Amino acid sequence: MMIASVIVDVPAKQTDRAFDYRIPEQLKHVIQPGMRVVVPFGPRKIQGFVVGIKEKSDFDKLKSIVEPMDLSPVLNHELLQLGDWLTEQTLCYKISAFQVMLPAALKAKYDKKIRLANGYDVEILPLELQDLFCRNETILWADAVEKGILPLLQREASRGTVEVVYEVKERVKKKKLKHVFSKLTGNELSQAIQQLPANAAKQKEVIEYFIERPEPVELREILSALEISSATIKGLVQKGILGEKDMEVYRDPFAHREFQRTEPFPLTNEQEKAIGPILDSIEEKKQHVFLLYGVTGSGKTEVYLQSIQRVLQEGKEAIFLIPEISLTPQMVKRFKGRFGDQVAVLHSGLSTGEKYDEWRKIQRKEVKVVVGARSAIYAPFENIGIIIIDEEHETSYKQEENPRYHARDVAIERGRYHKCPVILGSATPSLETFARAQKSVYGLLTLSKRMNDQQLPTVQIIDMREELREGNRSMFSRFLLDKLKDRLEKKQQTVLFLNKRGHSSFIMCRDCGYVVNCPHCDISLTYHRFSQQMKCHYCGYEDSVPTTCPECNSEHIRYFGTGTQKVEEELGKILPEARVIRMDVDTTSRKGAHEKLLNEFEQGKADILLGTQMIAKGLDFPNITLVGVLSADTMLHLPDFRSSEKTFQLLTQVSGRAGRHELPGEVVIQTYTPEHYSIELAGEQDYDRFYDREMMIRKLHQYPPFYYISLITVSHENLMKVVSVTEKITHFISSKLSKDSIVLGPVASSIPRINNRYRYQCLIKYKREPRLGEAIKTVLDQYQQEINTNGLQISVDVNPYILM
DNA sequence: AGCACGCCGACT
DNA sequence: GTCGGCGTGCTC
């Protein structure tokens with residue numbers, strides 16, 4: 001007898017193990033590891049992943065697999081193994097690890113239904129129910145609740161006349177469209193033409209079409225191609241010459257778009273030198289991690305493209321990761337232009353169905369290259385020749401929910417399996433990566449010159465305190481304003497960057513300084529002009545803006561902080577002639593809006609592009625000669641050890657937008673802390689000195705890359721409970737680790753309360769601690785009961801990116 | 001996660 | 001005496 005080990009779709013500690021199921025005889029040759037199956041679990045039917053097949057089980061009352069959900073495995077051997085690794089690394093459930101590797105469309109949904117039990121007739125039911133069950137075979141549980149007939153049904157269920165059934169349903173269907181095909185051979189078709197009446201010109205045209213191209217064709221396509229109506233086709237179908245059938249098609253997010261083919265550019269000396277070791281590594285089939293450290297505009301992309309080209313020549317596949325925010329149409333264009341329809345694109349702008357289709361193209365080996373954001377690292381290729389992570393330092397590569405993985409780590413793990421190079425590219429590498437390159441753990445490849453020998457833009461740092469002292473209360477320094485006017489005159493373009501993170505608009509009383517906080521979370525409410533409301537970004541609480549201060553009754557209570565709208569307004573006042581395009585969450589939420597706005601800017605329909613994070617990357621327009629950063633230091637003051645690094649990276653990225661082509665670029669950075677090294681050195685665009693400086697601080701405070709960190713966050717409604725549990729956990733972990741490790745806690749989280757739940761943390765810093773995972777698992781086991789029943793939550797983040 | 005089983009309080 | 005509360009433990 002064949003038995004399948006199945007990981008069931010129940011994300012809980014107690015079910016985080018394989019359950020054994022009998023494989024029915026007729027499925028003996030169908031069921032394979034990596035397939036999704038429907039299995040009975042307790043009283044219901046749920047989805048599961050087959051992880052192994054064996055002949056014996058320790059369990060003797062096995063149930064049988066109900067049915068397979070796939071024709072072929074959705075997870076190959078490597079990905080199953082990778083799932084185990086993910087579970088180990090991030091301490092997540094197996095089922096979560098598998099699900100994160102697949103498109104959302106493959107995640108099961110469940111229906112709970114009620115139907116007449118076997119052997120009973122509708123007659124036996126009370127009258128109210130008879131009608132219902134005459135019309136429907138089953139009734140959705142949710143409908144029954146709504147109709148208020150649940151008690152009735154429950155009574156019947158206890159009599160045994162109706163029963164509850166659970167069904168697993170697929171989330172998306174494969175898209176099918178009507179196709180037309182020829183039922184006859186070429187010769188037979190030619191004969192058929194003869195037999196048609198003389199006035200059937202259109203029908204003859206259709207038959208000729210099929211003589212030339214005998215394969216099935218989409219109905220819509222042939223209708224428009226031959227300019228005929230569906231009646232023509234219908235006639236031929238009735239004559240038995242053509243047939244109609246529904247065939248699967250891909251949703252194509254890039255339909256009706258032409259991508260201009262591009263050829264490889266000749267490489268500069270520097271590029272040539274950088275690509276050498278990569279090509280060697282491809283050839284030697286050796287795992288090797290490289291840091292491609294190249295200033296903005298130094299031509300990293302061309303190195304990527306030509307490396308991928310070599311991989312394709314070897315008959316292998318390539319994964320190219322890029323942060324969601326810079327996964328712009330521009331970037332897609334470059335890849336599609338070079339590699340045509342060998343490219344699949346995966347990003348959050350696609351619908352569930354579109355993502356699923358792109359994923360299937362990969363699985364069916366119809367494409368060779370994947371360009372995508374974080375989760376594209378799990379592309380189901382089987383013969384990977386290179387993995388590239390562009391903008392390696394970006395925080396979006398870390399997933400902030402379970403499984404809390406970093407795409408870089410997954411890339412290196414997959415590279416190990418496929419024995420292929422992994423390229424990490426950045427102008428401002430994360431300290432971890434640069435440190436590893438310095439220690440030769442990673443190969444260091446440097447591009448120090450911009451293409452065509454353009455100069456890096458000149459950077460001017462403006463002290464806004466000085467401006468204030470001299471009576472300028474506007475958000476534009478006089479220097480920046482002059483520059484703006486200058487560009488308007490010269491008809492050159494400007495990018496204005498507003499760093500909003502950590503500093504959104506809040507409501508404050510100007511008399512007593514009272515700030516309106518969320519009643520459920522310890523965080524200020526954000527002002528939304530659109531709805532004239534205040535909103536909590538953590539729990540969704542909403543309220544209208546008070547007219548008087550609840551503390552001092554003053555009427556001088558209003559919103560504070562700088563939003564893009566406010567900047568736009570002020571621009572309108574001081575530079576009324578300037579045409580401004582604003583890009584933020586509000587103006588880009590609609591699908592395609594992002595692209596549209598950028599296109600308008602590119603075509604010169606505006607002088608100033610004003611925006612937040614989303615314009616920091618990827619913009620590459622020749623006419624941009626000025627970049628202004630309105631508030632450089634807003635995120636410098638976040639309680640995070642990476643805040644200096646992030647500030648430096650962001651400022652450097654933004655500066656890189658200026659002067660990428662013939663015209664020289666200029667950058668103006670406004671700040672209240674010009675003396676801070678991350679701002680000063682971003683101004684000098686000196687990564688190396690920033691690195692040295694920041695490394696000293698990291699060493700001093702025992703942070704990465706000198707120490708690894710893990711973060712345990714405990715939350716509960718009761719403050720005392722949280723503190724005492726965190727206290728115990730801290731104690732326990734501390735007792736299990738070597739004395740070189742540092743265990744900090746209990747400490748209130750930087751957002752001490754979210755949704756009325758208090759949050760405390762235990763931070764662990766260590767150099768080598770092989771037993772830490774074990775210790776954390778013990779903690780989770782210990783508190784299992786309270787987690788299940790008492791509403792206690794304990795979350796673990798190994799190598800957290802944000803300490804929140 | 002769901003759900004059944006089982007042991008204690010307030011009702012017909 | 002029973003209906004129903006939610007603590008406890010199980011699901012191949």
Side-chain angles (χ1 to χ4, degrees), chain A residues 1-25 27-28 31-69 80 87 91-100 104 106-115 117 140-145 148 150-160 162-169 171 401-403 716-718 721 780-795:
Chain A
M1 187 176 62
M2 295 302 256
I3 290 158
S5 291
V6 174
I7 300 289
V8 293
D9 181 20
V10 181
K13 182 105 208 198
Q14 291 137 301
T15 50
D16 187 33
R17 62 192 172 88
F19 287 81
D20 290 346
Y21 286 89
R22 197 173 20 225
I23 302 176
E25 195 58 27
L27 293 178
K28 204 166 70 181
I31 303 294
Q32 294 165 47
M35 266 186 185
R36 297 174 307 149
V37 287
V38 176
V39 291
F41 196 65
R44 49 204 177 122
K45 289 192 182 69
I46 59 173
Q47 189 193 60
F49 286 86
V50 177
V51 289
I53 291 187
K54 53 189 184 179
E55 296 198 353
K56 274 210 178 85
S57 172
D58 300 337
F59 199 83
D60 54 3
K61 284 176 294 213
L62 293 183
K63 291 186 184 174
S64 285
I65 288 178
V66 176
E67 62 186 15
M69 293 180 70
L80 280 173
T87 311
L91 303 172
C92 70
Y93 302 132
K94 279 259 155 64
I95 189 70
S96 316
F98 291 147
Q99 268 163 3
V100 82
L106 294 185
K107 193 176 168 178
K109 274 189 152 183
Y110 300 97
D111 266 346
K112 188 177 180 182
K113 298 173 170 175
I114 304 152
R115 71 166 180 223
L140 283 177
W141 181 274
D143 288 349
V145 174
L150 207 54
L152 220 55
L153 286 166
Q154 271 169 338
R155 200 169 326 134
E156 291 306 310
S158 60
R159 276 172 65 196
V162 298
E163 60 188 1
V164 178
V165 283
Y166 299 87
E167 268 174 25
V168 181
K169 57 174 183 182
R171 273 184 127 197
E401 60 200 62
N402 281 329
H716 191 266
E717 288 176 359
N718 183 323
K721 181 82 204 166
L780 291 175
D781 274 341
Q782 207 118 62
Y783 287 97
Q784 191 52 46
Q785 215 138 11
E786 291 202 60
I787 289 170
N788 287 341
T789 60
N790 193 13
L792 186 72
Q793 273 178 26
I794 301 179
S795 84

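Residue numbers begin at 1 in each chain, while the letters A, B, ... track the order of the sequences. Every value quoted in this text rests on a predicted model; they were computed, and no experiment measured them.
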So which atom in [X] and which in [Y] form the shortest heavy-atom distance, rounded to 0.1 Å?
{"X": "A/E67", "Y": "A/L27", "answer": "CA-CD1, 4.4 Å"}
{"X": "A/I65", "Y": "A/A4", "answer": "CD1-CB, 3.8 Å"}
{"X": "A/P68", "Y": "A/V37", "answer": "CA-CG1, 4.0 Å"}
{"X": "A/Y783", "Y": "A/L792", "answer": "CD2-CD2, 3.9 Å"}

Nucleotide [N], atom [atom2] - distance to [atom1] of [X] in whole Å:
{"X": "A/F19", "N": "C/dT11", "atom1": "CZ", "atom2": "P", "answer": "8 Å"}
{"X": "A/M2", "N": "C/dC12", "atom1": "CE", "atom2": "C1'", "answer": "17 Å"}
{"X": "A/Y110", "N": "B/dC3", "atom1": "OH", "atom2": "P", "answer": "13 Å"}
{"X": "A/I95", "N": "C/dC12", "atom1": "CD1", "atom2": "P", "answer": "15 Å"}
{"X": "A/K107", "N": "B/dA1", "atom1": "NZ", "atom2": "C1'", "answer": "12 Å"}
{"X": "A/D16", "N": "C/dT11", "atom1": "CG", "atom2": "P", "answer": "16 Å"}
{"X": "A/R22", "N": "C/dC12", "atom1": "CZ", "atom2": "P", "answer": "12 Å"}
{"X": "A/Y21", "N": "C/dT11", "atom1": "OH", "atom2": "P", "answer": "10 Å"}

Within residues 36-55 of chain A, residues whose heavy atoms come under 4.0 Å of DNA chain B: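 By residue number: A/P43, A/R44.
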Does B/dC3 have OP1 or OP2 under 4.0 Å away from a side-chain N or O of A/Y166?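 So the side-chain polar atoms of A/Y166 do come within 4.0 Å of the phosphate oxygens OP1 or OP2 of B/dC3, strictly under.
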Please tell me if A/K61 has a side-chain N or O lying less than 4.0 Å from either OP1 or OP2 of C/dC12.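 Indeed not, no polar side-chain atom of A/K61 lies that close.
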Taking any heavy-atom pair under 4.0 Å as a contact, classify A/Y93: base, sugar-phosphate, or nothing.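 If one applies the 4.0 Å heavy-atom cut-off, A/Y93 turns out to touch nothing in the nucleic acid.
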Using a heavy-atom cut-off of 4.0 Å across all strands, would you classify A/K13 as base, sugar-phosphate, or nothing?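 No contact.
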Inter- and intrachain pairs under salt bridge (Lys or Arg N to Asp or Glu O under 4.0 Å), touching residues 782-794 of chain A, at least two apart: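 Qualifying pairs: A/K721-A/E786.
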Spacing of CE belonging to A/M1 relative to CZ belonging to A/R22, to within rounding of 0.5 Å: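 Nearest 0.5 Å value for the CE-CZ distance: 5.5 Å.
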Protein-nucleotides 2-9 of chain C N/O pairs under 3.5 Å:
none

Answer yes or no: is there a donor N or O on one side and an acceptor on the other, between the side chain of A/Y110 and the main chain of A/Q47, under 3.5 Å?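 Such a contact is found between A/Y110 side chain and A/Q47 backbone.
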Please confirm whether the backbone N or O of A/N402 pairs with a side-chain atom of A/S96, one donor and one acceptor, at under 3.5 Å?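 It does not hold such a pair.
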Using a 4.5 Å cut-off on heavy atoms from C-beta on, say whether the side chain of A/N790 contacts that of A/Q785.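 No; the side chains remain at least 4.5 Å from each other.
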Could you pull out all donor-acceptor pairs under 3.5 Å where a side-chain atom in residues 39-46 of chain A meets a protein atom, sequence neighbours excluded?
none

Please tabulate the protein-to-nucleotide N/O contacts below 3.5 Å involving nucleotides 7-9 of chain B, giving atom names and distances.
none

Without placing hydrogens or testing angles, list every side-chain donor-acceptor pair under 3.5 Å for residues 49-56 of chain A, not counting sequence neighbours.
{"residue": "A/K54", "atom": "NZ", "partner": "A/D20", "partner atom": "OD1", "Å": "3.2"}
{"residue": "A/K54", "atom": "NZ", "partner": "A/D20", "partner atom": "OD2", "Å": "2.9"}

Would you call A/D9-A/K107 a salt bridge at under 4.0 Å N-O?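 Looking at A/K107 together with A/D9, the answer is no, because their closest N to O distance does not fall below 4.0 Å.
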Has A/F59 got its ring stacked on C/dC12, by the test of a centre gap below 5.5 Å and a plane angle below 30°?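 Yes.
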